[in-house]
Amino acid sequence: MASNQVNDPARPDFWEERYRQLDIPWDLSGPAPQFVALAEGAHAPLPGRMIVLGCGRGNDAIFFAGKGFDVTAVDFAPTALQAAEQAAEAAGVKIDFLQADMFALPQAYHHAFDYVLEHTCFAAIPPERREEYVGVVHSLLKSDGLYIAILFAHGRQGGPPFTTDPTEARDLFSPRFSIEQLEITPNSVKQREGKELFGLMRPR
């Protein structure tokens, strides 16, 4: 395998190697605190069909499945999915796992979901594919669906994780989404405080 392929974050080989080596500093070993606050707060979204893109080891997917959501979780790194499947089984929750490239999902997924959940996937893809990512999210959601997102805004050059900021995020999403909320994440782990954006958006 050519080394330039292993170093290309657009390829599954890149992420598979990271998961095999457990070189996964983005993994919180549990759900994102902001998702917990949302799901357990006064305005918690009602359970529905949810897809988690770039689910990794399944922390957030497992959390929402435990809250009664019908969860589909997608990743293209087999080691990540194997860990996620084992964790879901240990947690006693049912999740539909799919090993696939998020840019080539089945036609049956189009406009099939009440929620798209985002956490670390957007930051992992090359920035030149972000408009394509927005299109994928829009295509997955029902007309009254909701995009629930935590986006990295660490401000550093390079990546992954690739940074964003509120202006870029609004420019990217606003043509296709009505942005209900986009702000510094109120609840972050200590090392990410002030470096994440929390967004709630609905397709136009």
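Throughout, numbering of the chain's residues begins at 1 and tracks the sequence.
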Taking every heavy atom of Ala100 against every heavy atom of Val74, the minimum-distance pair comes out as O-CG1, 3.6 Å
OH (Tyr133) and CG (Leu53) are apart, to the nearest 0.5 Å, by 5.5 Å
* Taking Thr79 for its side chain and Tyr19 for its backbone only, find out whether a donor-acceptor pair lies under 3.5 Å. => no
message = Tell me whether Val71 shares a hydrophobic cluster with Met102, the cluster being built from Ile, Leu, Val, Met, Phe, Trp, Tyr side chains joined at under 4.5 Å.
response = no
message: Test of understanding: clusters of I, L, V, M, F, W, Y form through side-chain heavy atoms closer than 4.5 Å, transitively. Do Phe35 and Leu46 belong to the same one?
response: yes
Decide side chain to side chain contact (heavy atoms under 4.5 Å, CB included) for Leu197 and Ile184; before the verdict, give the C-alpha distance in whole Å, the side-chain angles of both, and the deciding distance to 0.1 Å.
-> CA-CA 4 Å; Leu197 301 176; Ile184 295 296; 3.8 Å; yes
Using modelled atom types and a 3.5 Å cut-off, is there a donor and acceptor pairing between side-chain atoms of Glu118 and backbone atoms of Thr120? yes
Separation between CG (Leu38) and OG1 (Thr185), nearest 0.5 Å, reads 11.5 Å
In terms of relative ring orientation, are Phe173 and Phe122 parallel, tilted or perpendicular, with 30° and 60° separating the classes? tilted
For Phe76 and Pro78, the nearest pair of non-hydrogen atoms, with its separation, is O-CD, 3.4 Å
Rounded to the nearest 0.5 angstrom, the CZ-OG1 distance for Arg130 and Thr164 is 5.0 Å
Taking His111 for the side chain and Leu141 for the main chain, is one N or O donor matched with an acceptor at less than 3.5 Å? yes
**Prompt:** Can you check whether Pro160 reaches Trp26 side chain to side chain, under 4.5 Å on heavy atoms?
**Reply:** no
Do Val136 and Met201 sit in the same hydrophobic cluster, where Ile, Leu, Val, Met, Phe, Trp and Tyr count as joined when their side-chain heavy atoms come under 4.5 Å apart?
yes
If you apply the rule ring-ring contact (aromatic ring centres under 6.0 Å, His included), what do you find for Tyr115 with Phe69, and how did you get there?
CA-CA 10 Å; Tyr115 305 98; Phe69 288 73; 5.4 Å; yes
Arg57 side chain vs Ala80 backbone, donor-acceptor pair below 3.5 Å: no
- What do you reckon, is CD of Gln181 surrounded by more than 12 foreign heavy atoms closer than 6.0 Å? yes
Would you call the rings of His138 and Phe177 parallel, tilted or perpendicular, taking 30° and 60° as the class edges? perpendicular
Between Leu172 and Pro175 the two heavy atoms that sit nearest each other are O-CD, 3.5 Å
>> The test is side chain to side chain contact (heavy atoms under 4.5 Å, CB included); show your working for Arg11 and Glu17 and say whether it passes.
In response: CA-CA 11 Å; Arg11 293 179 54 88; Glu17 185 64 20; over 6 Å; no
Let's go through Leu81 and Cys55 carefully: what are the C-alpha distance in whole Å and the side-chain angles of both, what is the deciding distance for side chain to side chain contact (heavy atoms under 4.5 Å, CB included) to 0.1 Å, and is it a yes or a no? CA-CA 8 Å; Leu81 280 180; Cys55 68; 3.7 Å; yes
- Query: Okay, side chain of Thr72, backbone of Ile51: is any donor-acceptor separation there less than 3.5 Å?
  - Reply: no
Separation between CE (Met50) and CZ (Phe64), nearest 0.5 Å, reads 4.5 Å
- Query: Can Lys67 and Glu40 be counted as an ion pair, charged N to O under 4.0 angstrom?
  - Reply: yes
### Query
Is Val52 linked to Ile150 within one hydrophobic cluster, defined over Ile, Leu, Val, Met, Phe, Trp and Tyr using a side-chain heavy-atom separation of less than 4.5 Å?
yes
Shortest non-hydrogen pair, Ala44 vs Ala39, comes out as CB-O, 3.2 Å
- prompt: Leu28 and Val189: side chain to side chain contact (heavy atoms under 4.5 Å, CB included), yes or no, with the steps?
  reply: CA-CA 9 Å; Leu28 299 180; Val189 294; 4.0 Å; yes
On a heavy-atom basis, the closest approach of Thr163 and Arg156 is CG2-O, 3.6 Å
*Fit a plane to each ring of His154 and Phe152, take the angle between them on a 0 to 90° scale, and name the class: parallel (under 30°), tilted (30 to 60°) or perpendicular (over 60°).*
tilted
- Query: Checking Asp114 side chain against Arg49 main chain: does a donor-acceptor pair fall under 3.5 Å?
  - Reply: yes
- Message: If we count only N and O atoms by modelled type, under 3.5 Å, do the side chains of Glu196 and Ser188 hold a donor and an acceptor together?
- Response: yes
Joint hydrophobic cluster, Phe97 plus Tyr109, side-chain heavy atoms closer than 4.5 Å: no
When every non-hydrogen atom of Phe103 is compared with those of Asp101, the smallest separation belongs to N-OD1, 2.8 Å
query = Is it true that atom CD of Glu183 has more than 12 heavy atoms of other residues, nucleotides or ligands lying nearer than 6.0 Å?
reply = yes
Separation between NE2 (His119) and CG (Asn59), nearest 0.5 Å, reads 9.0 Å
Taken to the nearest 0.5 Å, the spacing of Leu151 CG from Leu182 CG works out to 7.0 Å
**Prompt:** So, the side chain of Arg176 versus the backbone of Arg204: is there a donor-acceptor pair under 3.5 Å, distance only?
**Reply:** no
**Prompt:** Side chain of Asp60, backbone of Ala32: donor and acceptor closer than 3.5 Å?
**Reply:** yes
With heavy-atom distances below 4.5 Å as the criterion, would you say the side chains of Leu105 and Leu98 are in contact?
yes
